[in-house]
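Everything numeric here is computed off the predicted structure, so don't read it as measured data.
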Amino acid sequence: MICFILLCVSFLSLSQAKNHVLFIVIDDLGFNDVGFRSHEIKTPNIDLLALQGVILNKYYVQDVCSPSRATFMTGRYAMHHSIVDWIPPKSAYGLPLNETTMAEKFKQAGYATHMSGKWHLGFYKWAMTPTFRGFDSFLGFYSGGEDYYTHQSSGAYDFRRDPTPNCGMNCSQINWQDQSVYSTTAFTREAVRVINEHHVQHGSSTEETPLFLYLAYQGVHAPAQVPQRYVTPYTNSILDPKRRIFAGMLSAVDEGIGNVTAALETHGMLDSTTIVFTSDNGGPVLGGDAVGARNWPMKGGKHSIWEGGVRATAFVSGAGIAPSQKGTEYQNLMHGSDWLPTLSKVAGYDLKGTLPLDGISQWSGISSGKQQHDQENDSTRQRTSVVLGNATNLCSWKVGDPRRTKYDGYDDHSWSSDSAGCGFGLRDGDWKIIQGYGGDPDDWCNTTSNGRTCLNRTATATKNNNDKKKLTECPNGWCLYNITKDPFEYQEISKDHPDVLNMLQSKMKIILETYTEYQIDPSCSTAKYKNNSHVGKSWAPWC
């Protein structure tokens with residue numbers, strides 16, 4: 001009897017043990033870039049994790065960085081957390097302070113929480129920086145893009161170390177020591193340091209203080225920079241110089257991920273670590289941030305809400321995945337807002353205290369292949385629709401201008417010139433509807449050193465970026481696709497399915513009633529640089 005009780009206690013202890021969690025975000029990764037998809041770029045560490053995990057085959061994010069990162073952190077759509085476009089560095093706004101972040105939830109569950117990499121959720125006030133939003137420490141940059149070596153962003157240095165929680169003005173440090181250090185290397189080194197120190201302080205066990213590590217690489221965002229040693233292996237296999245440099249950038253990230261998982265394995269932590277891998281949006285294939293990513297065979301790319309802009313590469317690997325699920329593809333619809341509720345099943349935190357969530361827990365479906373619905377907890381229902389949100393790149397406003405919260409002409413389903421620049425999308429079951437226009441890029445083309453190259457489908461789609469005529473105009477202001485039958489968005493079929501169109505228009509009308517956008521702080525509108533003796537002008541909160 002005593003043995004039976006001890007066995008039950010032991011089993012209960014094991015069943016309640018929490019996993020370490022490594023959450024990896026790759027910046028601007030295209031749908032056809034990682035090795036297990038492209039078979040062109042060598043990503044052996046990423047490929048192995050995917051093979052040992054579950055690839056998310058119908059996974060969506062927002063079409064650009066800040067909205068997706070805010071969605072990961074809050075479990076809420078961009079139209080609800082208000083970050084509907086990327087945040088320029090001089091902007092007096094950020095992720096609202098009444099939003100609860102994933103890091104805060106992990107901390108409530110007893111985790112040590114650390115971040116290495118790109119923040120991009122606002123920094124005009126110290127309260128908006130990572131260690132005030134749930135992280136115990138942070139190394140990286142606050143803004144959205146910069147030089148990989150000099151860490152210059154829009155005219156000032158942006159690379160910081162915040163070593164403690166609530167690390168503000170008298171705590172945050174300019175990380176001048178990493179000036180000239182390639183950022184992928186610096187972020188990997190910091191992640192390894194966090195793991196090493198966590199093991200020293202807490203050991204490998206997850207029973208007392210498990211680890212949550214948010215590793216948000218700058219790679220493979222523009223500019224196209226990488227040490228030559230990562231490019232050289234592709235000299236003969238990738239002929240296009242732009243794609244070859246991009247391949248080197250992704251290989252550097254892959255090496256970094258391998259070093260991080262090796263550190264976990266060294267300390268006996270890898271087998272108890274759940275690993276999330278996701279891109280923040282589709283690869284950019286048009287404009288200045290297009291440095292070689294590819295989304296083929298998907299249409300479009302970053303800044304658009306065609307599939308190439310919002311359907312992303314992601315997988316879950318490591319602890320908690322049933323052996324029967326390893327190496328499989330998850331076919332349920334999933335969105336970036338699902339991470340916060342999904343990981344609650346891994347970390348054991350509750351979902352109380354957040355603003356209303358748009359995400360649902362997909363953990364049982366991913367980990368065991370069986371989606372379980374708790375009748376008392378609606379956050380476990382199976383997802384049937386995804387709000388894709390805005391196409392961001394054609395919006396006519398500039399930062400500082402008031403942003404509209406409704407789409408002109410919506411009530412009578414008409415298409416105004418205003419809504420054309422900021423289309424809005426929804427996927428519902430097999431169907432996808434876009435109001436207005438899905439944004440540029442709107443074709444099946446990618447960027448190369450010799451200009452754009454297109455699939456035969458759009459051999460004529462070599463239009464100038466400034467041309468006003470769009471390859472895909474939505475008739476009467478609406479595009480409709482059956483994404484299950486037509487995943488590459490070849491056939492616009494609104495004329496053939498007026499009943500479906502009317503039904504989805506009605507759904508979108510209801511959805512847009514809760515649409516909201518960020519508000520610029522009028523008392524803090526003028527950004528101010530700091531001066532540092534090592535790096536000169538540097539970014540820091542100014543309000």
Side-chain angles (χ1 to χ4, degrees), residues 26-47 65 144-153 180-188 217-258 279-304 308-309 313 393 440-441 443-466:
I26 310 300
D27 204 340
D28 285 3
L29 183 70
F31 192 81
N32 192 35
D33 288 337
V34 292
F36 66 81
R37 283 217 172 104
S38 72
H39 305 293
E40 176 188 41
I41 298 175
K42 299 171 184 176
T43 56
N45 296 297
I46 294 171
D47 295 353
C65 39
E146 61 181 24
D147 189 283
Y148 279 79
Y149 295 98
T150 67
H151 311 306
Q152 290 287 319
S153 174
S180 80
V181 175
Y182 189 62
S183 74
T184 299
T185 303
F187 297 147
T188 298
Y217 280 110
Q218 179 180 358
V220 287
H221 192 285
Q225 296 174 317
V226 66
Q228 183 60 36
R229 69 180 182 274
Y230 296 104
V231 180
T232 300
Y234 297 101
T235 300
N236 297 321
S237 61
I238 298 180
L239 300 182
D240 175 53
K242 178 176 280 191
R243 181 67 168 173
R244 189 160 61 237
I245 293 172
F246 178 89
M249 295 168 71
L250 184 52
S251 289
V253 169
D254 181 78
E255 179 187 83
I257 291 172
S279 179
D280 59 347
N281 45 250
V285 294
L286 186 67
D289 55 358
V291 294
R294 291 184 180 175
N295 302 308
W296 282 343
M298 301 299 169
K299 175 181 179 177
K302 179 182 178 182
H303 301 294
S304 79
T313 296
N393 71 324
D440 264 344
D443 50 28
W444 298 265
C445 302
N446 286 312
T447 179
T448 72
S449 299
N450 295 318
R452 305 191 76 209
T453 180
C454 306
L455 295 180
N456 290 337
R457 175 85 191 175
T458 55
T460 61
T462 56
K463 61 184 186 306
N464 185 287
N465 292 351
N466 296 321

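With hydrogens and angles ignored, the 3.5 Å screen pairs no side-chain donor or acceptor of Gln218 with any backbone N or O of Ser183. Checked by atom type and distance alone, the side chain of Asp240 pairs as donor or acceptor with a backbone atom of Ser449 at under 3.5 Å. Under the 3.5 Å distance criterion, the side-chain polar atoms of Asn295 are matched with a main-chain donor or acceptor of Gly283. A distance-only check finds a donor-acceptor pair linking the side chain of His151 to the backbone of Val181 [under 3.5 Å]. Looking at Thr235, its side chain does come within 3.5 Å of a backbone N or O of Thr232 through a donor-acceptor pair. One N or O on the side chain of Ser153 and one on the backbone of Gly145 form a donor-acceptor pair closer than 3.5 Å. The backbone N or O of Asp254 lies less than 3.5 Å from a partner atom in the side chain of Asn45, making a donor-acceptor pair.
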Evaluate salt bridge (Lys or Arg N to Asp or Glu O under 4.0 Å) for Lys302 paired with Asp28, printing each intermediate quantity in order. CA-CA 7 Å; Lys302 179 182 178 182; Asp28 285 3; 3.0 Å; yes

Run the numbers on Cys65 and Asn281 for side-chain contact (heavy atoms from CB on, under 4.5 Å), then give the verdict. CA-CA 6 Å; Cys65 39; Asn281 45 250; 4.1 Å; yes

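Side-chain contact, Arg294 with Ser38: no donor N or O sits under 3.5 Å from an acceptor N or O.
Taken from CG in Leu29 to CG in Asp280, the straight-line distance is 9.0 Å, to the nearest 0.5 Å. Rounding to the nearest 0.5 angstrom, the gap separating the CG atom in Leu239 from the OG1 atom in Thr448 is 11.5 Å. For the atom pair Leu286 CG and Asn446 CG, the distance stands at 10.5 Å (nearest 0.5 Å).
When side chains are defined from C-beta on, Ser237 does not count as touching Glu40, because their heavy atoms never get closer than 4.5 Å. Side-chain contact between Phe246 and Ile238 is absent, with no heavy atoms from C-beta onward closer than 4.5 Å. Looking only at side-chain heavy atoms (C-beta outward), Phe31 and Thr313 come within less than 4.5 Å of each other. A 4.5 Å side-chain heavy-atom check between Tyr230 and Lys42 finds every atom pair outside the cut-off. Residues Thr43 and Phe36 fail the side-chain proximity criterion, which asks for heavy atoms closer than 4.5 Å. Side-chain contact between Arg452 and Val285 is present, with heavy atoms from C-beta onward closer than 4.5 Å.
Partners of Asp33 by salt bridge (charged side-chain N to carboxylate O under 4.0 Å, His left out), not counting sequence neighbours, listed by chain and number: Arg243.
Ring orientation note: the planes of Tyr149 and Tyr182 are tilted relative to one another, at an angle of 30° to 60°.
Across every non-hydrogen atom of Asn32 and Trp296, the tightest pair is CB-O, 3.1 Å. Of all heavy-atom pairs between Lys299 and Trp444, the closest is CB-NE1, 3.4 Å. Closest non-hydrogen pair, Gly301 versus Pro441, comes out as N-CG, 3.3 Å. The shortest heavy-atom contact between Val291 and Val220 is CG2-O, 3.8 Å. Closest approach of Ser251 to Tyr234, counting heavy atoms only: OG-OH, 2.5 Å. The shortest non-hydrogen separation linking Val231 to Val226 is CG2-CG1, 3.3 Å.
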